[in-house]
Amino acid sequence: MTKVAVLGAGAWGTAFGQVMADAGNQVCMWDIQPEVVEDIGNNHRNIARLPVVDRLPDGVTATADRAQAVAGAGIVVVAIAAQHAREALEGFRGLLEEDALVVSLMKGIERGSGKRMDQVVCETLDLDQARFAAVSGPNLSKEVATRQPGATVVASPDEATAMTVAQACTTCYFKAFVSTDVVGLEMCGSLKNVTALAVGMSRGAGYGENTAAMIQARGLAELTALGEAAGAQPKTFAGLAGVGDLVATCASPLSRNYTFGFNLGQGRSIEEATRVSKGVAEGVPTTDAVVGLGRQLGVSTPLATAMSHVLKEGLSCRGMIEELFGGPITEE
Ligand SMILES: NC(=O)C1=CN([C@@H]2O[C@H](COP(=O)(O)OP(=O)(O)OC[C@H]3O[C@@H](n4cnc5c(N)ncnc54)[C@H](OP(=O)(O)O)[C@@H]3O)[C@@H](O)[C@H]2O)C=CC1
Ligand SMILES: O=C(CO)COP(=O)(O)O
């Protein structure tokens, strides 16, 4: 039986921990909040982050002690809000087993540096890329937590690493596929959140299917162009982690990014939308990082740029759509 440490008992960290326990692993959750650790350890639930689960499997335990969490763990899963990953992981440097594999569930780009989470994780933990895997796909945590059928993609530059992680998280209701395209997976997962903000906003403002499909299709074009410029494989964008996740996130009120955008579209302020958000809406800080990355890579990012005007200058939904589609006629 493999011991798996999950760092960050948020909604997705906890749901994925349950998947790994269901797959037969011994799972130890670590969280910065003592109340969350106590709730998992004493009551077998995480009422603050994943109330939809009444009782976590017996194979899930919790600790607030960093060294204890990762001691003996063959797989260490990182599920921390992307903008805090670096500072949180600093506390684990030097504690991991020498041969442990490290898996990132995070979907975001680091503000300021423009770095993807694979870069942040490997840099911070001083990790060889062959021991790293990213997991990304259409994985709304509440649906996975209630064991609805779903799938994901595990990507690592090392095929054996991807396969080991995929086997460790495959159950009768959750199927993992493998890939070597870490860059593609990271770009898909991060950039679809920006699109989900914009689609949510258009829905909140009362627009229908045509507007949503138009924004979604342009968002896919933008993330594909940026991803390819960063070195991703084009086929990744057409798969589960690309179109698959875009469709799930842009269509569901279970998505925090969609819901954040919806609230803006309804006329709520950024502060109000943040206050009522149940968990991190990664698209908000990632929007600026995408604009910066676009500049670095020489790729135009009209959707992320329009959304950054919404987030920084309070541009309305109508204004965002005009900015996005008001330019000259171009080839699709
Ligand atoms: N929810 C979902 O459906 C999915 C989410 N993801 C991605 O997974 C990642 C985590 O998401 P999710 O679990 O849902 O988010 P939550 O907001 O539910 O949880 C975020 C986690 O990050 C922790 N955290 C935040 N800041 C720090 C810090 N400075 N030090 C240590 N820990 C910190 C939080 O700790 P605490 O709040 O206890 O302080 C919490 O455990 C995100 O990148 C998200 O995009 C990917 C697929 C699906
Ligand atoms: O990434 C997700 C689904 O795949 C979850 O989306 P949110 O972070 O918007 O909730």
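Remember, it's 1-based here, ligands and their atoms both numbered in the order they're listed. These numbers come from a predicted model, not from an experiment. Throughout, numbering of the chain's residues begins at 1 and tracks the sequence.
With respect to atom 6 (O) of ligand 2, the closest heavy atom belonging to the protein is Lys192 NZ, 3.5 Å. Closest protein heavy atom to atom 14 (O) of ligand 1: Arg256 NH2, 3.0 Å. From the protein, the heavy atom lying nearest to atom 5 (C) of ligand 1 is Trp12 CB, 3.5 Å. Looking only at heavy atoms of the protein, atom 17 (O) of ligand 1 is closest to Val280 N, 2.9 Å. Looking only at heavy atoms of the protein, atom 7 (C) of ligand 1 is closest to Leu105 O, 3.4 Å. From the protein, the heavy atom lying nearest to atom 41 (O) of ligand 1 is Asp31 OD1, 2.8 Å. Nearest protein neighbour of atom 21 (C) of ligand 1, counting heavy atoms only, is Ala79 O, 3.7 Å. Of the protein's non-hydrogen atoms, Glu282 CG, 3.9 Å is the one closest to atom 44 (C) of ligand 1. Closest to atom 20 (C) of ligand 1 among all protein heavy atoms lies Ala81 N, 4.0 Å.
Of the polar atoms of Gly10, at least one N or O is found under 3.5 Å from an N or O of ligand 1, judged by distance alone. At a 3.5 angstrom cut-off on N or O pairs, Leu140 does not count as close to ligand 1. Between Asn193 and ligand 1, a contact under 3.5 Å exists for no N or O pair. Residue Trp30 has no N or O atom closer than 3.5 Å to an N or O atom of ligand 1. Residue-to-ligand polar distances keep Gly279 apart from ligand 1: every N/O pair is separated by 3.5 Å or more.
Within ligand 2, counting atoms from 1 as listed, the ones closer than 4.0 Å to a heavy atom of Asp245 are 3 (C), 4 (O). When each atom of ligand 1 is checked for a heavy atom of Ser141 under 4.0 Å away, the hits are 1 (N), 2 (C), 3 (O). Remark: ligand 1 atoms within the under-4.0 Å shell around heavy atoms of Gln33 are 36 (P), 38 (O), 39 (O). For ligand 1, the atoms sitting less than 4.0 Å from at least one non-hydrogen atom of Ile32 are 30 (N), 31 (C), 32 (N), 35 (O), 39 (O), numbered in the order shown with element in parentheses. Taking a cut-off of under 4.0 Å to the non-hydrogen atoms of Met106, the atoms of ligand 1 that pass are 43 (O). Ligand-side atoms of ligand 2 in range of Asn257: 7 (P), 8 (O), 9 (O), range being under 4.0 angstrom from any heavy atom. Those atoms of ligand 2 that come under 4.0 Å of a heavy atom in Arg256, given as number and element, are 7 (P), 8 (O), 9 (O), 10 (O). In the vicinity of Ala9, heavy-atom distances shorter than 4.0 Å reach the ligand 1 atoms 41 (O). Listed by number with element, the atoms of ligand 1 under 4.0 Å from a non-hydrogen atom of Glu87 are 29 (N). Applying the 4.0 Å criterion to heavy atoms of Gly137 picks out, from ligand 2, the atoms 4 (O). Distances below 4.0 Å separate heavy atoms of Ala88 from the following atoms of ligand 1: 30 (N), 31 (C).
Heavy atoms of Lys107 found under 4.0 angstrom from ligand 2 belong exclusively to the side chain.
Using a 4.5 Å heavy-atom cutoff, the side chains of Ser190 and Ile109 are in contact.
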